[in-house]
Amino acid sequence: MSELFYNAVPNATRVAPPLAEPRQYPSAKPSRVYLFGTCVVDLFYPEAGMDAIHLLEREGIRVEYPQGQSCCGQPAYTSGYTEQARTVARSQLALFAGDYPVVVPSGSCAGMLREHYADLFKDEPETLQQVQALAARTYELAEFLLHVCKVQLKDSGAPVKVALHTSCSARREMNTHLHGRELLSQLSNVERVEHSHESECCGFGGTFSVRMPDISGAMVADKTRALKESGAHQVLSADCGCLMNINGALEKQQEALRGQHLASFLWQRTGGAQ
């Protein structure tokens, strides 16, 4: 989140600092992974979840999708409802008990699993050990494709200019903006354009947008103005909460510009099955 958010909400939980050591990636891609679909993907952007599965399966990986999965607990956690967040998180832990990687098409939710579950269970040694093991095998989708699968994408689409938006926690906890940039750089007909508010919050922030609508509205107005001024034909993001907010604002402004999940864009640009 931006400093504006934290000044407005004094008790807001700050994101964890960047990891001290670079992450060590497996030397070979696994034969099986879990997909943690996230509640927003499940309810509002199911095509993004399916395209994430397609991208992984094209790499020869079997994707397991536990049907009982729900929210990662982040909304409750960042709102200060620790006990409720712990209950939600505990139910997710039971669903991803295997030792293979957990891939998440959301840097925000991946950050919750990887960085904040340890805080939730810091007073439960046995659960903490399980949480730390989960954190070590949790990957944001673009990160996993780039550093574990080592994908080499071939562009089959027409020339297009895109602007990349990364959620605050995804950027600061998972470096998702760097992973997304590298994947897009492999696409010969895709030009990624910079915009002046790239590193700033879109104003969503989960319940923040409901509790402080005026501030949230001003932030998304700044964000959409910068996106329009960039000359991009399309907006891309790996976080569907941000897409909901940005697309909703653009629709209200009666603009043609829209955002799409990075997974769907990559799948479509590379012609589906290669």
Side-chain angles (χ1 to χ4, degrees), residues 1 33-57 63-79 81 84-96 102-114 116-117 120 134 138-142 144 165-170 173-174 176 180 201-213 216-217 219-220 223-224 234-252 257-268:
M1 293 296 173
V33 299
Y34 287 119
L35 184 78
F36 184 84
T38 83
C39 46
V40 179
V41 167
D42 182 40
L43 295 174
F44 296 102
Y45 290 89
E47 69 281 1
M50 291 305 301
D51 291 334
I53 291 173
H54 293 327
L55 289 168
L56 293 167
E57 288 182 336
V63 180
E64 302 285 348
Y65 188 89
Q67 292 297 307
Q69 63 180 282
S70 60
C71 181
C72 66
Q74 185 184 62
Y77 177 73
T78 55
S79 296
Y81 295 100
Q84 290 87 341
R86 189 179 291 118
T87 299
V88 173
R90 202 185 307 277
S91 68
Q92 304 312 299
L93 286 174
L95 297 171
F96 298 91
V102 178
V103 180
V104 191
S106 163
S108 176
C109 298
M112 181 64 187
L113 270 63
R114 185 176 156 193
H116 299 295
Y117 271 19
L120 278 176
L134 174 66
T138 295
Y139 301 87
E140 186 272 331
L141 175 66
F144 188 82
H165 166 78
T166 315
S167 77
C168 305
S169 55
E173 294 176 350
M174 304 293 289
T176 301
C201 179
C202 73
F204 180 55
T207 57
F208 166 69
S209 61
V210 177
R211 291 183 291 171
M212 304 210 170
S216 175
M219 293 168 77
V220 76
K223 173 67 72 170
T224 53
Q234 191 171 3
V235 179
L236 301 177
S237 179
D239 281 271
C240 289
C242 298
L243 283 175
M244 287 177 59
N245 193 43
I246 292 170
N247 281 342
L250 289 169
E251 183 177 358
K252 187 175 181 179
L257 184 65
R258 288 292 185 276
Q260 183 181 33
H261 194 281
L262 181 64
S264 295
F265 181 80
L266 294 177
W267 180 249
Q268 292 168 10

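Fair warning: this is a prediction, and the values are worked out from it, not measured in the lab. Note that these values count all heavy atoms, side chains included, but never hydrogens, waters or copies made by symmetry.
- Looking at heavy atoms from C-beta onward, E173 lies out of side-chain contact with R114 at the 4.5 angstrom threshold.
- For A52 against L141, the heavy-atom pair with the smallest separation is CB-CD2, 3.7 Å.
- In terms of the side chain to side chain donor-acceptor pair (under 3.5 Å) criterion, S209 has no residue partners (sequence neighbours excluded).
- Counting only heavy atoms from C-beta outward, the side chains of D51 and H261 never approach each other to under 4.5 Å.
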Can you give me every donor-acceptor pair (side chain of residues 63-71, partner residue at least two apart or in another chain, under 3.5 Å) with its distance?
| from | atom 1 | to | atom 2 | distance (Å) |
| --- | --- | --- | --- | --- |
| E64 | OE2 | R62 | NE | 2.9 |
| E64 | OE2 | R62 | NH2 | 3.3 |
| Q67 | NE2 | Y65 | O | 3.3 |
| Q69 | OE1 | G37 | N | 2.7 |
| Q69 | NE2 | L35 | O | 3.1 |
| Q69 | NE2 | P66 | O | 3.0 |
| S70 | OG | Q92 | NE2 | 3.0 |

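- V41 and P105 get closest at one heavy-atom pair: CG2-CG, 4.4 Å.
- Side-chain atoms of W267 and H54, non-hydrogen and from C-beta on, do get closer than 4.5 Å to each other.
- Atom OH of Y45 is separated from atom CG of L243 by 5.0 Å, given to the nearest 0.5 angstrom.
- Contact check for R258 versus E251: side-chain heavy atoms found under the 4.5 Å cut-off.
- Pairing each heavy atom of T138 with each of A110, the nearest pair is CG2-O, 3.9 Å.
- A heavy-atom distance below 4.5 Å is found between the side chains of F208 and M219.
- The side-chain heavy atoms of F144 and L56, taken from C-beta on, include a pair separated by under 4.5 Å.
- Considering only heavy atoms from C-beta on, D239 stays 4.5 Å or farther from E140 through its side chain.
- Proximity of Y139 to V33: side-chain heavy atoms (C-beta onward) are nowhere separated by under 4.5 Å.
- Residues S79 and R211 approach most closely at OG-NH2, 4.3 Å, considering heavy atoms.
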